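Only a predicted model underlies this, so the values are computations on that prediction, with no experimental measurement involved.
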Amino acid sequence: MNFQVGLEEEMTMIASFPSIFKDIDSLPTKTIIHSLARYAVAHDKVLETADVSFRVDGRGNVLMVEPKRRATRHQKASSHQEKCIIVPRQEAYERIMYATRKKMEQMRSLYEGVQKRSRGWTKISLFVVLIAMLCILLSAIAAVVFNILQEQSFWFLLLLFINLSNLIIMGYLLWQARRYSGQANSYLNSLLQIENFYETVNTASELLLDDTARELFQEVIIAQSLGVQGEDVEIRDEGSVLFF
């Protein structure tokens, strides 16, 4: 009975803040956000986040469960308990937000650096393209005026070598420009995902909420950023658990 009352209160709380949870539901919690959040929460807690399953209880605490097959290597053979590390809700939330902000700054710096190189290579490529086109045009004029094709084979081979060299250099520069441009686009895509997540959560966190609503807000953020769902997200009340 107490559990049902507690659950109804939480559902009423969610319904009373529709604008907040509408923004949360639309968060871009892609793989990059999940990886970032999991690393932030598990940092200095476990050795390998890939070997850990994440769960979130009804109070927003993060439970990191180490598989039995790994735990038995460090524990006695008679022990068959899963190794569980609990990170409190507030600590997990602060870790996720701090890691997101630092990663956003890092990705912005990387993007600006690669974008600058990409523009540099593009400008050089365009300059070399103009030179190559000019050389080809002058070579064609010289071949017609001085009849190089039939009477001066040395100069013909020299001009051919110069033009081929220009084309090779031009191709290399264009390839470099395209490579850096693709790298910049990749960094920009990651930056926009992280920035959108951070700005949405940061804006929603500035709303005036009571302590209970703020805790529930942080719980939802933690669950979505970690990518946990279904039976890994729990609503607890005095020992009772509801999976959703």
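- N196 places no side-chain N or O within 3.5 Å of a backbone atom of L192 that could act as its donor or acceptor partner.
- Between V41 and the options L36, I85, V62, a side chain to side chain contact (heavy atoms under 4.5 Å, CB included) holds for only V62.
- Note that CG of L216 is 6.0 Å distant from CD of E219, once rounded to the nearest 0.5 Å.
- Side chain of S186 to backbone of G182: no donor-acceptor contact under 3.5 angstrom is found.
- Atoms CD and CG, from E195 and L188 in turn, are 9.0 Å apart once rounded to the nearest 0.5 Å.
- For R89 and E215, the salt-bridge test passes: some basic side-chain N is under 4.0 Å from an acidic carboxylate O.
- When side chains are defined from C-beta on, Y98 counts as touching R101, because their heavy atoms get closer than 4.5 Å.
- A177 and S118 get closest at one heavy-atom pair: O-OG, 3.7 Å.
- The two residues S190 and M107 have their closest heavy-atom pair at CB-CE, 3.6 Å.
- I131 and I162 fall into different hydrophobic clusters, where Ile, Leu, Val, Met, Phe, Trp and Tyr residues are linked whenever their side-chain heavy atoms come under 4.5 Å apart, directly or through other members.
- Between atom NE2 of residue H34 and atom CD1 of residue I32 there is a gap of 11.0 Å, rounded to the nearest 0.5 Å.
- Taking CE of M64 as the reference point, atom CD1 of I86 lies at 9.5 Å (rounded to 0.5 Å).
- The hydrophobic cluster containing F161 does not contain I136, counting ILVMFWY residues as joined when their side-chain heavy atoms lie under 4.5 angstrom apart, directly or transitively.
- Side-chain N or O atoms of S109 include none that pairs as donor or acceptor with a backbone N or O of E105 at under 3.5 Å.
- Taking hydrophobic clusters as Ile, Leu, Val, Met, Phe, Trp and Tyr residues chained together by side-chain heavy-atom distances below 4.5 Å, L138 does not share a cluster with L159.
- Note on ring orientation: taking the six-membered ring where Trp is involved, the planes of Y180 and W121 are parallel (angle under 30°, cut-offs 30° and 60°).
- Considering all non-hydrogen atoms of both residues, A204 and F217 come closest at CB-CE1, 3.6 Å.
- Looking at residues two or more places apart in sequence or on another chain, you find a side-chain contact (heavy atoms from CB on, under 4.5 Å) between N189 and Q193.
- Closest non-hydrogen pair, T100 versus Y198, comes out as CG2-CB, 3.7 Å.
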*Step by step, work out the salt bridge (Lys or Arg N to Asp or Glu O under 4.0 Å) result for R95 and E91.*
CA-CA 6 Å; R95 278 173 172 251; E91 180 185 350; 3.1 Å; yes
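- There is no path of hydrophobic side-chain contacts, each under 4.5 Å, that joins L126 to L174.
- Once rounded to the nearest 0.5 Å, the distance linking CD1 of I169 with CG of L164 reads 11.0 Å.
- The cationic atom of R179 (NZ for Lys, CZ for Arg) lies less than 6.0 Å from the six-membered ring centre of W175 and within 45° of the ring axis.
- Here the closest heavy-atom approach between residue L226 and residue R38 is recorded as O-NE, 2.8 Å.
- Counting all heavy atoms, side chain and backbone alike, I194 lies closest to I33 at CA-CD1, 3.9 Å.
- The distance from atom CG of L191 to atom NZ of K103, rounded to the nearest 0.5 Å, is 11.0 Å.
- Neither V129 nor F127 shares a network with the other; the hydrophobic side chains, linked directly or stepwise wherever heavy atoms of I, L, V, M, F, W or Y lie under 4.5 Å apart, form separate groups for each.
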*Test side chain to side chain contact (heavy atoms under 4.5 Å, CB included) applied to L63 and F54, step by step*: CA-CA 6 Å; L63 285 67; F54 290 81; over 6 Å; no
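- Side-chain N or O atoms of N61 include none that pairs as donor or acceptor with a backbone N or O of D57 at under 3.5 Å.
- Y93 is listed as a side-chain neighbour of S205, based on a closest heavy-atom distance under 4.5 Å.
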